[in-house]
Amino acid sequence: MSTDRYNPRDAEPRWQRYWTENRCFEAKEDLSRPKYYVLEMFPYPSGRIHMGHVRNYTMGDVIARFRRACGYNVLHPMGWDAFGMPAENAAIERGVHPKTWTYENIAAMRGQLQSMGLALDWSREIATCDPAYYRHEQEMFIDFMAAGLVERKVSTVNWDPVDNTVLANEQVIDGCGWRSGALVEKRELAQWFLKITNYSEELLTALDGLELWPEKVRLMQRNWIGRSEGMRFSFALEKADGTLLDERLMVYTTRHDTIFGASFCAISVDHDLARRMAGKDPALTAFRKEVASLGTSEESIERAEKKGCALGIFARHPFRPDLRLPVYAANFVLMGYGEGAIFGCPAHDQRDLDFARRYGLPVIPVVAPNTVNAGGIKVEDEAYHEKDGDQTILINSDFLDGMSVPEAKDEVARRMETMGIGERKINYRLRDWGVSRQRYWGCPIPVIHCNACGTVPVPKDQLPVILPDDVSFDKPGNPLEHHPTWKNVNCPVCERTARRETDTFDTFIDSSWYYARFCSPKASVPVDKLAANYWMPVDQYIGGVEHAILHLLYSRFFSRAMTRTGYLDLKEPFDSLFTQGMVIHETFKLDSGEWVFPADAVLLNGNWAHAKTGEPLTIGGVEKMSKSKRNVIDPEVIIERYGADTARWFMLSDTPPERDIEWTESGVEGSWRFTQRIWRLVNEAAIATADARSVGSDYGSIELRRTVHRALQAVTDDLSNLRFNRSIARIYEVANALGSALQQKASPALAAPAIREAAEIMVLLFAPMMPHLAEECWKVLGHESAVVETPWPKADPALLAEDEVTIAVQVNGKRRDEIRVAKGLSREQIEAIVLKLDAVNRALDGRAPKKVVVVVDRIANIVG
RNA sequence: GCGGGCGUGGCGGAAUGGUAGACGCAACGGACUUAAAAUCCGUUUUUCGCAAGGAAGUGCGGGUUCGAGUCCCGCCGCCCGCACCA
């Protein structure tokens, strides 16, 4: 590299040191200044950063630096989502202790993030595996218990019978354990739950207020919460001989209007009634086993036929004493929703129809378009649903005949309520949050099990419950189970021998409140309220859309639970949310199907081939970077070769931030060339204007100034709205204009102040994206202070106003010419000018203009 | 099945209902150079034409409007989320 080139290897570490030594990005509460809290979803310390991190953290960094320059007191922290299974896997596979592995990874990744030149407040760094962090989680859990937000109940887990361990859903592959390959069983264990369903309605309605969240995410959460308005009511049950049973069958429905179309009832195989009856009924026992073995994967559900097992009992129709409905245990009824029991109305529900056809049950249409005669509609293989635009009425339904669906629902509800057999009920799909994990590398659940006192929370003065280091991974399962001393404790209440809870928290708990901890990361309480009240909510949160539901919903719940228990004073933790797209890259394959590194692909005579073996290659899709597809580009290699600024610039260029961005070698080369071009331009500008440091009265080159100030205005607006790609296009325009001005050597003396101004504004504009280069350029332009301490420039309104405008001239909507006129020229004057234009008369071809539409300063359209 | 989004040059993408293709990438031509790299200048939607100048053009078909990539209706295609939720 020659000396006239910009050398990021020298400049970048130098400025990183400068920012650190001057503590430029350490945030302090300051009530006199407006705050801005920008946060990117914190990383899992896997060991190395990937391009997704580079994109995510670059965006956040641009926002942080931009807001800072605009005068905000900016909080931009970083931490580590440090608990989780990969650390345990490393322990099992390589014998490294999870803690060692995690902290080594953190150290490596911290270095990589620092090499990106991020404007982070490292003094606030937190790691969720640090007892100084998770002790507060334990304390809050104990308070949540007291507030009735915690429940302990039996729940099903995936059990690997060979490894004797619980598996997470993602460790179950095709129904088998990922490590042992053994068929996974369902086991029931007592587990801890956070009562997120207490907030179902609140979490749903508050979505409407999150106007700065993507509509898509709000919708996904709405669907996830899954509110439905219906009825819960019960049927009287009888035996085959007609004798009444002394229990009733409770069902849930949203279509009580179709009650006269009911032809059977179905209950889940896990329904209490099915369990009890199985004891006396071998066929039912066999059926329950069959259903349990089918698994719950989407695929198996898709393929499974609707099947049932008749129980030999019957439900009496509430309004037709003569009618009795056979009751089945059925594979398509879920225990987890509603009452785990339904009535089937085959004419208007596809599943019920499939079931009815299989078992020869009646199909009675009860809703039909009102254009159809009273005879009704025919249902063959497809259940009838109201289509858009259909007006429907009830038929074959006794006292409901002729009513609309809402009227019928209302009438049925009213009658059932009067009869005392049911009530209107709102149901949610949302389930309580199971937080127990039978894992070592997580936050210990601060509870002790005592035979006499039951489950007892660990007294707060004994917190934290520290995860012991001396564990062994020799045996399968949770090492805490085999730890001799940690597990055995005395009951804090009665002091008799008791057992410590060996489950740890779901790591989603760790990430449900870290944003609040960043406000006061060293406080002796979970959050210092003064600090939290100043910084919260997060003004701009950025992360991948893969967290659209779980992490974001849990966080919304947690901030409410923390407010309820007095730790916070807010509801919504994230004011504005941005979900960025993935980084994708081309893929190559051998004929054998084996993936090949793109770096090994070469073009030989127009065909792709392997650079080393010469084997022919086919181009795969452009896909998310992944190790298995071998299309990963290592950010460290890129930063080493081009510097962080080039990588950052590339990440922000061209593609809108919410879309997937394709990593291309040529694109990075382009960014690299641009950094060099900036460096040359700024140096040339500095030389050309060396004698004109102070801006004189004669700015000269008004066009250059106009371009620069308009770009400044546009970039300010675009950065405020996260439109990085558009900002970059405007900065290119400034660079092009500056380049042209420098070329016109005839009048540099006159243009010097304008050139200097252009160079300075350009540097400040790209500074949030390429901070190191900006600092170097700023020095070249003769500044003593750093860019990070320089306020964002302000556009001169006089230069934004135009005195002349271009008006497009159309004839019948087709553009024929354009004219330059004084801004604000009147309708009449414009009309007079355009009617004389040659192009207009040619296009009119002798016809007289019927009408002339003029939009002042914009367009004239002659209708002829 | 339900819900949502998107279709613009060779590519990534710009366009408050008002000159479609800003800006970048790639390609091509030229300058500089012994040469290459780097750099600089230019061309680049398609099509007819030597040119001046036409014609067509934002997935397809209609509509609203003086004017539609943008709004409305109906198709086609691609992508994403949820899914036996009663």
Side-chain angles (χ1 to χ4, degrees), chain A residues 2 4-5 214-224 226-228 230-231 251-256 258 266 268 296 298 300-302 304-306 330-334 336-345 348-352 354-355 383 385 427-431 545-546 548-549 649-650 653-656 658-662 664-671 673-674 676-677 680 714 723 725-733 735-736 739-740 743 806-818 839 842-843 849-855 857-864:
Chain A
S2 64
D4 58 346
R5 302 199 95 198
E215 187 51 39
K216 179 186 165 147
V217 173
R218 292 198 279 170
L219 207 83
M220 283 164 75
Q221 292 213 352
R222 242 174 238 133
N223 292 339
W224 188 261
R227 182 183 195 271
S228 63
M231 268 214 91
V251 298
Y252 180 75
T253 180
T254 55
R255 293 302 305 274
H256 33 296
T258 65
S268 163
T296 50
E298 281 174 34
S300 61
I301 287 166
E302 190 86 34
E305 280 184 89
K306 308 287 170 278
N331 62 350
F332 64 94
V333 181
L334 305 173
Y337 187 77
E339 301 297 322
I342 59 158
F343 75 79
C345 177
H348 304 291
D349 183 293
Q350 194 58 46
R351 288 161 305 168
D352 295 350
D354 295 346
F355 190 81
H385 292 282
N427 252 343
Y428 299 90
R429 212 188 68 112
L430 185 66
R431 302 269 74 95
V545 74
E546 66 274 18
I549 299 176
W649 187 255
F650 173 78
S653 304
D654 299 344
T655 304
E658 68 278 9
R659 286 193 215 170
D660 290 351
I661 188 172
E662 185 184 350
T664 60
E665 185 70 21
S666 59
V668 183
E669 287 287 345
S671 296
R673 280 199 301 273
F674 185 66
Q676 295 300 337
R677 183 160 160 241
R680 278 194 306 276
R723 293 188 293 244
N725 56 319
R726 294 213 316 196
S727 306
I728 282 182
R730 300 313 290 251
I731 292 168
Y732 271 109
E733 285 177 9
N736 291 344
S740 301
Q743 288 276 312
T806 305
I807 291 184
V809 182
Q810 299 180 333
V811 176
N812 292 329
K814 270 193 204 316
R815 183 186 155 299
R816 294 294 170 182
D817 206 348
E818 61 182 39
R842 212 183 310 130
K850 287 190 198 122
K851 187 176 168 189
V852 181
V853 180
V854 177
V855 180
D857 294 344
R858 280 213 171 265
I859 203 159
N861 188 13
I862 298 116
V863 187

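Naming convention: chains lettered A, B, ... in sequence-line order (proteins, then strands); numbering from 1 in each chain.
Spacing between atom NZ of A:Lys850 and atom C1' of B:C66 amounts to 11 Å, rounded to whole angstrom units. If you measure from atom CD of A:Glu662 to atom C1' of B:G10, you get 14 Å, rounded to the nearest angstrom. Separating the OH atom of A:Tyr732 from the P atom of B:G13 is a distance of 16 Å, rounded to the nearest angstrom. Atom pair A:Glu665:CD and B:C25:P shows a separation of 14 Å (rounding to whole Å applied).
Donor-acceptor pairing under 3.5 Å, judged by distance alone, is present between the side chain of A:Asn861 and the base of B:C66. Judged by distance alone with a 3.5 Å cut-off, a donor-acceptor contact links the side chain of A:Arg351 to the base of B:A86. Between the side chain of A:Arg5 and the base of B:U39, no donor-acceptor pair of N or O atoms lies under 3.5 Å. For a distance-only test at 3.5 Å, the side chain of A:Lys306 qualifies as a donor-acceptor partner of the base of B:C84.
Residue contacts shown for A:Asn736 are limited to sugar-phosphate atoms, with no base heavy atom under 4.0 Å away. Within 4.0 Å (heavy atoms only), A:Arg255 reaches sugar-phosphate atoms of the nucleic acid but no base atom. At the heavy-atom level, A:Arg677 lies under 4.0 Å from the strands shown only through sugar-phosphate atoms. At the heavy-atom level, A:Asn427 lies nowhere under 4.0 Å from the strands shown. Among the atoms of the strands shown, only primed sugar atoms or phosphate atoms (P, OP1, OP2) are found under 4.0 Å from some heavy atom of A:Glu733. Using a 4.0 Å heavy-atom criterion, one finds that A:Val333 contacts the bases of the nucleic acid, with or without backbone contacts as well. Here A:Leu334 lies in heavy-atom contact (under 4.0 Å) with a base. The residue A:Arg816 sits close only to the backbone: its heavy atoms come under 4.0 Å of sugar-phosphate atoms, none of a base.
Distance alone, capped at 3.5 Å, places no donor-acceptor pair between the A:Asp349 side chain and the A:Ala383 backbone.
Listed nucleotides B:G13, B:A26, B:A56 differ in distance to A:Ser666; the shortest reach to its side chain belongs to B:A26.
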Criterion salt bridge (Lys or Arg N to Asp or Glu O under 4.0 Å) on A:Glu215 and A:Arg222, from CA distance to verdict: CA-CA 10 Å; A:Glu215 187 51 39; A:Arg222 242 174 238 133; 3.5 Å; yes
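Between A:Ile862 atom CD1 and A:Asp817 atom CG the span is 9.5 Å, to the nearest 0.5 Å.
A:Asn736 and A:Arg677 share a side-chain donor-acceptor pair at under 3.5 Å. A donor atom on one side chain and an acceptor atom on the other are not found under 3.5 Å apart for A:Ser653 and A:Tyr732.
For B:G54, one of the phosphate oxygens OP1 or OP2 lies less than 4.0 angstrom from a side-chain nitrogen or oxygen of A:Arg842.
Base pairing of B:U45: its partner is B:A56, meeting the Watson-Crick or G-U wobble criterion (both donor-acceptor distances under 3.5 Å). In this structure B:G3 sits in a base pair with B:C80, meeting the Watson-Crick or G-U test at under 3.5 Å.
When each of A:Val809 and A:Gly226 is assigned the nucleotide of RNA chain B bearing its nearest heavy atom, the one mapping closer to the 5' terminus is A:Val809. Residue order along RNA chain B, read from the 5' end via each residue's closest nucleotide, puts A:Glu215 first among A:Tyr252 and A:Glu215.
Base orientation at B:G9 is syn, since its O4'-C1' glycosidic dihedral falls within 90° of 0.
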